[in-house]
Each structure stands twice: as structure tokens, then as C-alpha cells.
Enquirer: 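One structure is given below, represented as C-alpha cells, and several questions about it will come after.
Letters A, B, ... mirror the listed sequences (proteins, then strands); counts begin at 1.
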Amino acid sequence: MSISAKYNPADVEDKWYAYWLKHNFFHSEPDEREPYTIVIPPPNVTGVLHMGHMLNNTIQDVLTRKARMEGKNACWVPGTDHASIATEARVVAMLKEKGIEKSSLSREQFLDYAMDWKDKYGGIILEQLKKLGASCDWARTRFTMEPEMSAQVIKVFVDLYQKGYIYRGIRMVNWDPQGKTALSDDEVIYKETPAKLYHIRYQIEGTTDEWITIATVRPETILGDTAICVHPDDARYQHLHGRRALIPLINRPIPIITDGYVEREFGTGALKVTPAHDPNDYELGLKHNLEVLDILNDDGTLNEKAEIYVGQDRFVVRKKIAKELEEKEYLVKTEDYKSNVGHSERTNAVIEPKISLQWFLKMDTVTIPALENVLNDTVQLHPPKFKNMYRSWMENVRDWCISRQLWWGQQIPAYYISGSREFVVAETAEEALQLARQKTGNNQLQLADLQQDPDVLDTWFSSWLWPISVFNGILEPDNKDVNYYYPTNDLVTAPEILFFWVARMIIAGYEYRGERPFKNVYLTGIVRDKQGRKMSKSLGNSPDPLELMVKYGADGVRTGMLFSSPAGNDLLYDEKLSEQGRNFNNKIWNAFRLIKGWEVDSSKRGEANAVAIAWFRNRFAQALQELEENFAGFRISDALQTVYKLAWDDFCSWYLEMIKPPFGEAIDGATYEATLGFMEDLMKVLHPFMPFITEEIWQNLKERQEGESLCVSAWPKADQFNAGLLTDATVAFEVVQNVRNLRNSRGMSPKDALQLIIRTERPQLYRDWDGVVRKLANLSDLQFGDKPEGAISMVIGPDELSIPLAGSIDAAAEKESLLKELEYTRGFLDSVEKKLGNERFVNNAKPEVVEAERKKKADAEARIKALEESLSALSA
RNA sequence: GGGAGCAUAGCUCAGCUGGUUCAGAGCACCUGCCUUACAAGCAGGGGGUCACAGGUUCGAAUCCUGUUGCUCCCA
């Protein structure tokens with residue numbers, strides 16, 4: 001069989017993914033095994049795969065695949081999120097292109113269009129995840145708006161309402177006048193925008209020439225003012241306390257109040273208070289019991305409460321009123337000013353802080369177990385530094401505004417009774433009717449007399465149930481799936497949504513299951529470009545993951561992502577990382593080529609390789625232990641590094657070179673079998689990181705049956721290892737490296753065989769490694785003894801290596817380097833002796849630390865002795 | 001304004017409970033090699049006062065305090 005010298009991922013990836021699916025390896029059903037469950041952070045149906053998903057899902061796949069190989073019943077539940085605002089905006093835009101206005105459609109018609117759109121585009125991202133190799137249980141794919149999922153959301157709403165946690169209230173919300181909906185804080189993007197600060201004077205009531213001047217960037221809102229506020233200690237305004245000022249143009253009188261909140265240095269030190277149109281003013285208004293005067297319509301035009309400019313847009317009015325104020329000499333001056341203006345993430349309209357009637361969830365009590373169980377590590381955050389952030393949020397949490405003025409989502413199950421201000425909350429219209437009849441005592445009420453609230457619930461209000469609802473745990477709280485899979489094990493997500501999503505899932509978990517939703521939360525970083533900028537469509541600095549996978553292979557990109565992604569830290573993505581991943585794949589591929597290319601001669605004896613085999617077996621055990629520790633601490637990047645070095649350095653660079661037969665010669669059967677076993681174990685520990693290439697190699701390493709797969713093979717068991725053997729090996733390797741270095745520095749070819757003479761008190765070590773050292777250092781002979789005439793020497797630990805060299809030996813240079821070493825080692829010994837001579841050290845330090853120092857001392861002394869002997873031989 | 005985090009090689013980062021397995025990895029760089037698995041490679045090498053200043057300690061990259069610079073969260 002001829003195998004390509006370059007690994008070609010395209011040849012194998014689709015083949016093995018199809019094979020895995022065909023044999024249902026990723027599907028999970030409850031059984032007697034220990035479950036391992038991950039629910040995917042459901043991507044938006046509007047989304048396409050980006051680098052953040054790549055990182056996030058690679059990590060989930062690594063964890064899932066490892067658990068599956070460990071014999072756990074692994075279940076990774078995939079799905080998508082309906083994303084109310086984003087999707088509705090997308091559908092509205094799509095309709096607009098077709099010439100259809102949303103306002104011309106009924107709710108049902110619109111939802112039909114939206115569902116069609118979702119069916120067409122909503123699954124794209126999941127298909128893309130398959131290219132990445134994601135081992136999700138596709139039979140369990142969920143969508144947050146499918147009937148069973150929505151039913152759970154509605155049930156929870158009704159339940160929380162009945163418990164008294166949900167209420168309707170007036171609040172200041174971020175209003176998008178274009179989308180005509182309230183937005184949550186995270187859907188608002190603040191941009192620094194050049195603006196003007198208008199200084200406007202208000203006449204004091206009952207005077208002819210007394211004024212107070214305020215400064216504002218929004219002169220149109222003076223029409224909604226209900227007070228002017230000054231600092232109580234501000235000397236400039238002492239005489240005005242308790243007086244009233246007249247709003248220019250409309251002459252409505254408003255009180256002048258005092259509050260320490262006002263910054264005296266800002267503007268004129270006098271603050272106009274517009275409770276309906278500024279969040280801070282709103283708070284101030286509550287405190288001082290001010291009237292809330294809303295002068296804006298939902299679309300951003302002024303209403304009749306403004307008295308003037310009614311029906312005109314807020315920005316048009318800003319210009320006009322500034323002009324009028326100037327003409328009528330109310331405008332004192334204007335100055336340039338930079339202000340942070342909120343824009344809608346979806347429509348880019350300038351956000352209007354607006355008083356509105358919304359639905360809220362009270363957060364004060366439901367958050368208690370969610371806070372407590374993160375602080376006591378029942379739910380562990382990785383890295384733990386996020387606990388602080390989590391706590392500060394949970395301790396200062398505000399009630400959650402859960403209503404959105406949209407159609408795409410779960411419609412709020414509140415029904416208003418015609419002809420009254422009453423409403424009822426129920427899971428169905430029929431139940432609502434019953435309730436309404438009871439409530440009103442009017443048995444004549446019909447369905448037609450009820451009007452369901454037109455708004456839908458915040459998308460997070462459905463996704464906070466995700467770890468429960470994917471197993472239908474709200475509707476059937478005792479079903480076998482939810483009992484088996486819940487609580488889930490690990491959640492992998494971005495710190496950006498720690499509050500919006502993770503915290504709320506924990507709340508819902510305790511509220512509805514009385515238990516944490518997951519044990520571990522692994523927080524990934526944000527994927528940034530080389531310059532540290534967040535990857536975004538508008539910057540165009542994000543590579544297309546699919547193209548990247550075509551170029552470097554899915555395995556290459558997966559490992560590339562993980563090379564530089566410690567938990568919780570941002571990842572500065574460079575295509576070089578994928579290249580490195582691809583190169584690693586190629587390296588492994590070539591190791592496979594080498595092994596497969598060998599002729600095996602089972603009559604041949606292979607004792608010479610025994611030490612190499614013993615060494616690698618122990619080295620593997622050591623690395624496996626390290627690997628397990630890395631996984632246990634969620635240090636995924638380090639875990640990859642461990643197997644990377646094991647495969648490349650230890651297996652390829654050392655082990656294979658040790659046992660490789662000379663060209664044209666066969667390998668003995670015992671060494672071959674051992675090597676196949678090592679390769680197979682390597683494929684196992686590499687598989688979670690690079691599933692495709694490892695499966696391809698594993699399938700071809702030995703005869704396999706249809707239905708067998710690496711992805712369900714048993715993970716290697718961690719064995720004890722012989723540490724002494726491993727340290728002996730490092731001595732042998734050091735000898736090899738020294739000889740190679742000598743050749744290199746003297747410009748000699750590796751083909752020139754050299755003679756090596758070792759002066760040592762531990763000859764057995766060198767005898768054990770004789771064959772390996774001879775082969776790797778290309779020695780013609782290895783003997784024990786003193787340095788002969790005309791040889792160059794080096795000192796390794798307490799041992800002296802000599803290599804006879806024909807021709808020039810620069811005795812002076814050699815002496816200099818030996819002296820330098822001697823000096824360093826003496827200095828080192830000195831510091832060690834100082835430590836040991838210090839009574840306080842010997843008494844206070846741990847015994848093993850003191851013991852280590854004693855060993856250092858002995859080593860240093862031996863080394864000094866060897867160096868001195870070399871030097872004296874040199875001068876002799 | 002309040003809170004948190006970070007600062008280690010040219011770059012990205014490890015360094016878990018203070019002690020040569022403590023100054024490390026990968027990439028980049030330099031030198032020499034197309035050596036019959038791999039140039040997507042091999043062998044070898046250089047490079048850091050661990051931000052700055054104090055302190056605790058027998059001993060500090062590691063613990064404490066302050067300074068400077070950057071980042072994030074909340075307002």
C-alpha cells in the first residue's frame with residue numbers, strides 16, 4: 001500500500017463522520033452507566049459558524065469524546081435558539097425586500113413567514129458543526145420554539161406568576177423607536193458621538209430678570225422637565241431653593257429641588273430633571289416624588305404632552321427648538337461635547353430611555369440558592385476568578401424585564417378582560433376564560449372577550465430552562481431522561497453571557513429541579529485577531545471557519561484553536577496556529593507511514609530495543625498522568641500540549657529513531673507489536689483533540705471489523721511509572737545531544753561516526769543505554785576510561801565525556817569553557833552550602849526540601865570534581 | 001465614581017500549596033542539513049533584572065503594601 005507523504009484531510013473527514021453517524025456512536029439512551037452530559041449553548045438561528053463557535057464547540061467535543069472513551073454514557077445535546085429580536089429583524093428585512101410590510105400582516109401570517117425562514121436557514125450552523133467533527137447526539141436536537149419547548153416556557157411563566165414572582169410594572173427601558181420594542185441592556189451598543197451641550201436659561205417664576213441656566217445635550221426634552229435640581233451646598237443657587245422656574249417656550253412652572261447627586265462642576269451645576277426620558281432622572285424623580293411626563297410616542301415623535309412640535313420627530317425637533325430658543329434669547333451658549341449614545345444592536349436606531357409598562361420577574365429571592373451554590377463551589381466556575389464578577393452581579397441584581405414587543409417568541413400567557421383593567425394568567429385561553437369568569441363573576445364571558453397580551457417573552461426566559469427543557473423536565477418532571485441526564489456535567493460558554501444566561505440557568509435549576517444544572521462552567525475567552533480586536537463581520541477580520549477547515553483540515557483547526565486558549569483568556573487568533581495544527585497532523589501521519597512501511601521479520605531478535613520500549617511505556621504512563629491532571633483542572637490547552645509533546649518529541653523524535661531499523665532491513669516482531677500498541681494508545685489520547693486523523697490511522701493500524709471505532713474504544717488506564725528509568729533516559733539523551741552539538745559546532749556531518757570515552761562511576765546506566773546512545777549519536781565505539789590524548793571533553797553531571805578528534809583541538813577554548821562551567825558550579829555550590837549552613841533553613845524548611853538541597857550539594861561536588869579533573873588533564 | 005483582573009523571551013501564554021523538575025512552552029529568530037517517515041521536515045543554538053518601588057521570610061516571578069500602565073464589569 002502506498003500512503004501519501006502528505007496527510008490529506010479531505011480524503012477522510014466526511015467518510016468517518018458518516019461512519020460515526022451510521023453506527024449511532026453519538027446517540028445516548030439512559031442505561032446503567034454513569035452519564036456524562038453537556039448541553040450546547042444553543043446558537044442563534046440567524047447565526048453562521050464563527051470562530052467563537054469553533055473554539056467553544058471544539059472544547060465541548062474534546063470533553064465529550066474523552067468521556068465517551070472513558071466508558072461513560074456521553075450525551076451532548078445540540079440545538080438552536082430562536083433569538084427573538086435578531087430573527088424578527090432578519091425576517092422583517094427579508095419581507096421588506098419582497099415589498100411586504102410587517103404591519104400589513106397578521107401575527108399568524110408573520111409567524112408563518114418566520115418559521116419558513118427558520119426552517120430554511122436555522123439549521124445551517126448545526127450542519128457546519130458536523131464539519132468540525134462535533135459528536136452531538138443529533139437525534140436529540142432541540143429548538144427553543146418548538147411546541148414542547150414553548151409549552152415549558154409558558155408553564156414556568158404561569159407558575160412564577162402564581163408564586164408572585166412575576167408582576168407588571170412601570171420601568172425605564174431601552175426603547176428602540178424603529179423596532180418599536182424594549183431592548184435589554186446587552187442589546188444596546190454605546191458609541192461615542194459628537195454632540196452639543198446647550199446652555200438654556202429658565203426664568204424664575206415671579207421675577208422679570210432672574211434666571212437659572214441648565215446644560216443639556218437634548219434640548220427637545222425640556223418639554224418633559226418636571227424639576228431643576230441643584231446641589232444643596234452650591235452657593236450659586238442657595239437663594240433659589242424652593243422657588244420655581246418656567247420652562248422656556250411653554251412657560252410651565254417646575255420646582256427647583258436640591259440633591260447631593262448633582263455634580264457641581266458639570267455644566268452649570270443646575271440639572272434639568274426629565275424623569276420620563278432619562279434613567280438617572282427617573283431615579284431622582286422617584287426619590288423626590290416628581291411627576292413623570294412622557295412627551296414621546298413609540299415611534300420617536302413628540303406627543304401632545306409636549307404642547308409644541310407635536311407629531312414631529314425627536315431629532316427634527318432638536319434642531320428646531322434650538323433655533324427657536326436662540327431666537328427668543330433663552331439659549332445662552334452651546335459647546336461641543338462628546339456623549340455616549342446608545343444604539344440598537346439590531347436596527348441601529350438611537351435608543352430612547354422610555355417609561356413603559358412591562359412584565360418583570362422579581363429577582364431578590366430566586367437568586368439566593370444560585371448565589372450561594374456558586375460561592376461554595378457546588379457549581380464551579382473555571383477559571384474561578386469569575387466568581388467575583390458573578391457575586392457582584394447577583395448581589396446587585398435588578399428585577400428582570402422579561403417582555404419584548406415582538407411576535408417571534410413565546411407569547412405572554414396573560415389575558416386582558418374586555419371592558420375592564422383586569423387580566424388573568426393561564427397556560428391556555430380556555431383556562432384563562434375559566435379564571436376570568438371566576439374573577440369577574442361573569443359567566444357570560446366568552447373567549448372573544450379575552451385579549452392575550454401581544455408581547456413575547458425575552459429569549460433568555462426560554463433558554464434559562466435549556467438544561468431542563470431539552471429533557472422535557474418541566475412538563476414531565478419525573479421522566480427517565482431528565483432523571484438520568486440532569487444535572488449535566490459541564491457547560492462551555494463565553495464569560496459575556498455569564499449573567500444573562502449561566503446565572504439564570506442556575507436560578508431556574510434550583511427553582512425547578514432543586515439542584516444545580518451543571519457541575520462545571522468552563523468559560524472560554526473571546527477570539528480576537530492578531531491585533532487584539534474582536535472578530536466581527538463589520539471589521540472583516542474573521543476568517544471563514546469552513547474555508548479554514550478546507551485549508552488545514554478540521555483536526556488542524558481544532559488543535560490550532562486549542563494551542564493558545566487558556567480558560568477565560570482571550571485568544572489572539574493567528575492562521576499560523578492552524579498551520580501548526582496541520583503540521584502536527586502531518587507529523588503523526590508520517591509516523592504512521594513509517595510504521596506501516598516496515599517489513600516485519602518475526603524470527604529476528606529484538607533485545608536491543610527492550611530499553612527503548614520500556615522507556616516509552618513509562619514515559620507514556622507519566623504523560624497520561626499529567627494529561628489526566630490537566631483535564632481534571634480544565635486546562636485543555638495544557639492537555640493538548642502534553643499529548644503534542646508526547647507524540648512529537650518523545651514518540652517521533654526519540655522512540656522511533658531508537659527502534660527504526662536501517663533502511664532496507666526488517667523490524668523484529670516484538671518491537672513491531674510494541675510499537676503498534678504505542679501508536680494505538682497515542683491515537684486514543686489524541687482522539688478527543690483530532691478525531692478524524694486518529695480514526696483513519698486507528699482503522700488502518702490493525703485489522704478492524706465493521707462497527708468498530710476509535711471513538712468508542714477504551715481510554716488508556718493510568719499506570720504507575722518507573723521514575724528512575726525516566727531520569728536515566730534523560731542522562732542518555734543529554735549525552736546524545738552533547739555529541740550532536742559537538743558535531744554541529746565544529747561543522748561536522750552527522751554521518752561522521754565518533755568514538756566516545758566516558759569516565760563515570762555509574763557505568764551500568766551507560767551500558768543499559770549503550771545501543772541507543774551509539775545509534776542516535778552515531779558512535780563507532782563507546783568505552784569507559786580517562787580522557788585520551790588529543791580528545792575533546794565535556795562534563796555531564798559527574799561524568800566526563802571524551803571524544804578523540806583528529807586534527808586541531810583548540811585547547812585554550814576548551815579550557816575557557818570548562819573554567820566558565822567550573823566557576824558557575826562553584827557559585828551554585830556556594831549558595832547551596834550557605835543554605836545548608838543556615839540553621840534556620842535546616843530547622844524551618846520541609847525535610848524533603850532540605851534533602852533536595854543535600855542532593856544538589858552532592859551533585860555539584862561531583863561535577864566540580866569532574867571538571868577539575870578534566871582541566872588538570874588539559875593542562876598536563 | 002465603585003469593583004475585579006492582568007503586567008514573565010520579539011509574539012501568545014504556562015508557572016497549581018513560597019525552595020534548580022524555577023526562570024519554562026509554542027511560535028518567531030540564527031546556524032547547518034533535500035540524512036530513504038515527514039522541508040508541513042531533521043539536528044543544534046541564541047534570547048528574559050519575571051512592570052516599578054518597598055516590605056514579610058533563612059529563601060520571593062510566586063505572599064503583602066504602594067506606584068505606573070492596560071483590560072473588563074457595574075454606575
Side-chain angles (χ1 to χ4, degrees), chain A residues 3-7 185 263 279-280 283 383 385-393 395-398 495-496 498-499 525-526 528 530 532 552-553 556 560 563-566 568-574 576-577 579-598 629-630 632-633 635 637-638 640-642 644-645 648-649 652-653 656-657 660 662-664 723 726-727 730 736-751 776-778 828 831-832 834-846 848-850 852-853 855-856 859-860:
Chain A
I3 311 170
S4 160
K6 298 240 185 302
Y7 171 61
D185 292 341
E263 276 181 58
N280 296 319
E283 297 293 331
K385 67 177 180 185
F386 287 105
K387 273 168 86 174
N388 281 331
M389 262 168 70
Y390 182 88
R391 186 181 61 200
S392 78
W393 188 74
E395 283 175 349
N396 301 298
V397 68
R398 310 177 94 183
E496 303 166 290
L498 183 58
F499 311 142
I526 297 165
R528 298 176 180 275
K530 263 190 282 190
Y552 298 107
F563 276 133
S564 174
S565 57
N569 277 3
D570 289 358
L571 178 156
L572 268 64
Y573 187 80
D574 186 336
K576 275 240 145 52
L577 291 167
E579 201 181 308
Q580 195 190 341
R582 179 199 60 182
N583 294 354
F584 182 43
N585 278 265
N586 199 48
K587 184 72 190 176
I588 291 164
W589 184 250
N590 275 287
F592 166 65
R593 274 183 73 214
L594 176 70
I595 294 169
K596 282 309 274 187
W598 280 333
E629 284 164 10
N630 286 329
R635 293 184 297 269
S637 210
D638 292 356
L640 172 62
Q641 194 75 245
T642 300
Y644 181 85
K645 285 202 270 193
W648 198 313
D649 299 344
C652 293
S653 296
L656 288 178
E657 293 301 330
K660 189 161 98 178
F663 180 67
L726 294 171
T727 45
T730 61
V736 170
Q737 278 168 327
N738 270 276
V739 176
R740 282 171 174 172
N741 185 13
L742 178 85
R743 269 206 196 83
N744 234 312
S745 62
R746 301 191 150 240
M748 297 167 70
S749 161
K751 286 175 185 158
L776 299 189
N778 188 21
F828 175 65
S831 79
V832 174
K834 231 182 234 166
K835 260 191 216 180
L836 287 168
N838 184 332
E839 236 175 88
R840 298 171 77 178
F841 170 73
V842 181
N843 294 337
N844 295 336
K846 282 180 283 186
E848 58 266 32
V849 172
V850 178
E853 291 303 315
K855 178 150 194 323
K856 278 187 228 164
D859 288 351

Enquirer: Using only modelled atom types and a 3.5 angstrom limit, is any donor from either the side chain of A:Glu657 or the base of B:rA37 paired with an acceptor on the other?
Expert: yes

Enquirer: Please report the distance, rounded to the nearest Å, between CZ in A:Phe828 and C1' in B:rG19.
Expert: 11 Å

Enquirer: Report which part of the nucleic acid A:Trp648 touches: base, sugar-phosphate, or nothing (heavy-atom distance under 4.0 Å, all strands).
Expert: sugar-phosphate

Enquirer: Could you tell me how far apart A:Lys596 (NZ) and B:rC38 (C1') are, to the nearest whole angstrom?
Expert: 18 Å

Enquirer: Could you tell me the Watson-Crick or G-U partner of B:rU12, where both distances fall under 3.5 Å? Say none if there is no partner.
Expert: B:rA25

Enquirer: Go through the N and O atoms of the side chain of A:Lys587 and the base of B:rC38, and report whether any donor-acceptor pair is under 3.5 Å.
Expert: yes

Enquirer: Using atom CH2 of A:Trp589 as one end and atom P of B:rG41 as the other, report the distance to the nearest whole Å.
Expert: 17 Å

Enquirer: What distance, rounded to whole Å, do you find between the two C1' atoms, one in B:rA51 and one in B:rG5?
Expert: 16 Å

Enquirer: Between A:Arg743 (side chain) and A:Ala777 (backbone), is there a donor-acceptor pair under 3.5 Å?
Expert: yes

Enquirer: Donor-acceptor check, side chain of A:Asn630 to backbone of A:Arg635, threshold 3.5 angstrom: yes or no?
Expert: no

Enquirer: Can you check the distance between B:rC13 and B:rC22, where both ends of the measurement are the P atom (answer in whole Å)?
Expert: 23 Å

Enquirer: Tell me the interatomic distance from A:Lys645, atom NZ, to B:rU21, atom C1', rounded to whole angstroms.
Expert: 12 Å

Enquirer: Do A:Tyr644 and A:Phe563 come close enough that some side-chain heavy atom pair is under 4.5 Å?
Expert: yes

Enquirer: Hey, which sits more toward the 5' end of RNA chain B by its nearest nucleotide, A:Arg582 or A:Lys660?
Expert: A:Lys660

Enquirer: If we take the C1' atom in both B:rG48 and B:rA23, what is their distance in whole Å?
Expert: 8 Å

Enquirer: Whole angstrom is fine here: how far is it from OH in A:Tyr390 over to P in B:rC74?
Expert: 15 Å

Enquirer: What is the nucleic acid contact for A:Glu579, judged by heavy atoms within less than 4.0 Å: base, sugar-phosphate only, or nothing?
Expert: nothing

Enquirer: Determine which nucleotide pairs with B:rC6, using a 3.5 Å limit on both distances of a Watson-Crick or G-U wobble pair.
Expert: B:rG69

Enquirer: Between B:rU17 and B:rA7, how far apart are the two C1' atoms, rounded to whole Å?
Expert: 23 Å

Enquirer: Given that A:Asn590 and A:Ser653 both sit by RNA chain B, which one's nearest nucleotide is further toward the 5' end?
Expert: A:Asn590

Enquirer: For B:rG41, give the paired nucleotide (Watson-Crick: N1-N3 plus N6-O4 or O6-N4; G-U: N1-O2 and O6-N3; both under 3.5 Å), or none.
Expert: B:rC33

Enquirer: In whole angstroms, how far is the P atom of B:rG32 from the CG atom of A:Asn741?
Expert: 15 Å

